[in-house]
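Let me begin by presenting the structure, written as structure tokens, before commenting on it.
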2 protein chains.
Amino acid sequence: MSGSEPSTTLDASELAAYFALIEVGNLVRHAVEQQLRDAGDLSHVQFQLLATLGDAPGGSRRMTELADGVVISRSGLTYQVGLLERSGLLARGQAADDERGVMVTLTDAGRSKLGAVFPGHVALLRELVFDAIGPHDVEDLGRVLGVVRDHLRSVPPRSATSRRRRSASVD
Amino acid sequence: MSGSEPSTTLDASELAAYFALIEVGNLVRHAVEQQLRDAGDLSHVQFQLLATLGDAPGGSRRMTELADGVVISRSGLTYQVGLLERSGLLARGQAADDERGVMVTLTDAGRSKLGAVFPGHVALLRELVFDAIGPHDVEDLGRVLGVVRDHLRSVPPRSATSRRRRSASVD
DNA sequence: TATTGTTATACTCTATAACTATA
DNA sequence: TATAGTTATAGAGTATAACAATA
């Protein structure tokens with residue numbers, strides 16, 4: 001590819017894909033948020049944190065790992081983890097290798113909560129998304145979005161201020 | 001309603017698609033939010049409102065229409081429209097046919113702001129999403145998401161139709 | 001009586017910056 | 001000095017409910 005001029009237009013199919021992505025994201029998030037609140041008194045972020053832990057070996061993860069996965073700031077994570085800890089859904093402990101580190105672990109109650117909420121969550125997703133499309137479409141969707149996700153993970157934030165992971169030593 | 005067994009599991013490809021959708025949504029939203037704030041001092045919701053108006057005939061829409069499109073409550077919309085009106089980006093007026101109605105219209109400044117922000121917005125999207133996948137994938141993505149969106153539009157409650165489906169839980 | 005939009009209010013969430021402690 | 005995490009704070013955003021005016 002040679003013409004690397006930053007195109008500032010999107011063609012019809014790109015626009016369609018973008019608008020659909022935004023709207024689907026909005027609607028799904030909205031519905032999911034409501035369901036999670038209803039079924040388990042959890043926000044989506046909180047659910048993501050629990051689910052991420054549930055998916056981790058031993059149900060444990062480092063704080064920074066969690067912040068990265070859920071895409072929130074560290075202080076935001078501290079806040080959420082604090083809430084979840086107060087609710088008894090997870091526990092904080094020392095990281096074995098790093099004295100500074102904090103290991104967050106799903107408690108039994110947390111796992112139980114996850115088990116209580118997940119079926120309804122999944123049912124809603126099926127109803128909202130997967131029932132509407134065929135199995136082949138599901139694979140297309142997953143494949144394309146997977147590529148995008150991998151790309152996003154590798155692309156550094158374009159503006160100088162990177163506030164995701166590295167704390168910017170920029171003054 | 002539910003003709004079949006309420007499946008509470010997702011198969012591998014469904015899970016993959018879902019997680020990818022969530023993560024891509026998070027990352028794109030995050031990046032977009034930052035760019036919009038940077039380039040035009042707009043939140044994503046505000047941008048969506050302006051863009052929705054910019055897309056409407058005459059640059060005008062009814063309040064409830066806007067709330068539906070952007071998926072926020074009417075009070076939330078009043079708040080956002082208030083902000084944008086104070087910034088001079090849009091104006092409120094009487095609806096012609098309905099004495100109760102409020103017509104929201106994009107001002108010249110609003111259109112100008114949209115023009116100022118859009119190119120960077122599009123460039124970011126291209127960088128984050130479309131550069132990572134081929135044209136064929138773009139069409140796949142748009143097609144599948146379009147189906148999902150149409151499905152979602154027909155399912156969820158409208159903002160003004162009822163106060164909210166509070167007791168719609170399955171049990 | 002239902003609907004449109006606003007207001008008052010309360011609450012959740014998030015990020016920035018300063019701070020502690022370990023590497 | 002850099003990194004991990006916390007705290008203090010401040011601001012943005014959202015929803016709920018009550019309300020006014022019109023249909």
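All chains are named by letter (A, B, ...) in the order of the sequence lines, taking the proteins before the strands, and each is independently numbered beginning at 1. These numbers were taken from a predicted model, which means no experiment stands behind them.
Here the nucleotide nearest the side chain of Arg74(B), chosen from dG5(C), dT6(D), dT12(C), is dG5(C).
Arg62(A) meets the side chain to side chain contact (heavy atoms under 4.5 Å, CB included) test with Glu65(A), Ala95(A), Asp97(A), Asp98(A), Met103(A); sequence neighbours excluded. Qualifying salt bridge (charged side-chain N to carboxylate O under 4.0 Å, His left out) partners for Glu85(B), counting only residues two or more places apart in sequence or in other chains: Arg92(B). Here Asp140(A) pairs with Arg143(A), Arg143(B) under the salt bridge (charged side-chain N to carboxylate O under 4.0 Å, His left out) rule; sequence neighbours left out. By the side chain to side chain contact (heavy atoms under 4.5 Å, CB included) test, Ala20(B) is found to be paired with Leu145(A), Arg149(A), residues two or more places apart in sequence or in another chain being considered. Residues passing the salt bridge (charged side-chain N to carboxylate O under 4.0 Å, His left out) test with Glu139(B), sequence neighbours excluded: none. Partners of Ala31(B) by side chain to side chain contact (heavy atoms under 4.5 Å, CB included), not counting sequence neighbours, listed by chain and number: Leu124(B), Leu128(B). With sequence neighbours excluded, the residues satisfying side chain to side chain contact (heavy atoms under 4.5 Å, CB included) with Phe130(A) are Leu125(A), Val138(A), Leu10(B), Glu14(B), Ala17(B), Tyr18(B).
Rounded to an integer number of Å, the gap from CG of Leu66(A) to P of dA4(D) is 13 Å. Rounded to whole Å, atom C1' of dA12(D) lies 10 Å from atom CD of Glu33(B). In this structure, CG of Leu84(B) is placed 13 Å from C1' of dG13(D), rounded to the nearest angstrom. Here dT16(C) presents its C1' atom at 16 Å from CG of Leu77(A), a figure rounded to the nearest Å. The CG atom of Asp68(B) sits 10 Å away from the P atom of dT4(C) (whole-angstrom rounding). One interatomic measurement links the two molecules: CD1 of Ile72(B) to P of dC13(C), which rounds to 18 Å at whole-angstrom precision. The separation between Asp41(A) atom CG and dT12(C) atom C1' is 12 Å, rounded to whole Å. With rounding to whole Å, Gln34(A) atom CD is found 13 Å from dT16(D) atom C1'.
Considering only side-chain N and O atoms, Gln80(B) lies under 4.0 angstrom from the phosphate OP1 or OP2 of dT14(D). At the phosphate of dG5(D), OP1 or OP2 sits under 4.0 Å from a side-chain N or O atom of Thr64(A). Taking only side-chain nitrogens and oxygens, Arg37(B) comes nearer than 4.0 Å to OP1 or OP2 of dG13(D).
Checked by atom type and distance alone, the side chain of Ser112(B) never pairs as donor or acceptor with a backbone atom of Asp108(B) at under 3.5 Å. Between the side chain of Arg126(B) and the backbone N or O of Thr9(A), at least one donor-acceptor pair lies under 3.5 Å.
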So which protein N/O to nucleotides 8-10 of chain D N/O distances come out below 3.5 Å?
none

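Within residues 43-62 of chain A, the residues that have a heavy atom under 4.0 Å from DNA chain D are, in order of number, Arg62(A). Near DNA chain C, defined here as any heavy-atom distance below 4.0 Å, the residues from residues 89-103 of chain B are Arg92(B), Arg100(B), Gly101(B), Val102(B), listed numerically.
Annotation: side chain to side chain donor-acceptor pair (under 3.5 Å) contacts involving residues 47-60 of chain A, sequence neighbours excluded, comprise Gln48(A)-Asn26(B), Ser60(A)-Thr105(A). Evaluation of the salt bridge (charged side-chain N to carboxylate O under 4.0 Å, His left out) test over residues 42-54 of chain A, restricted to residues two or more places apart or in two chains, returns none.
When side chains are defined from C-beta on, Gln94(B) does not count as touching Arg100(B), because their heavy atoms never get closer than 4.5 Å.
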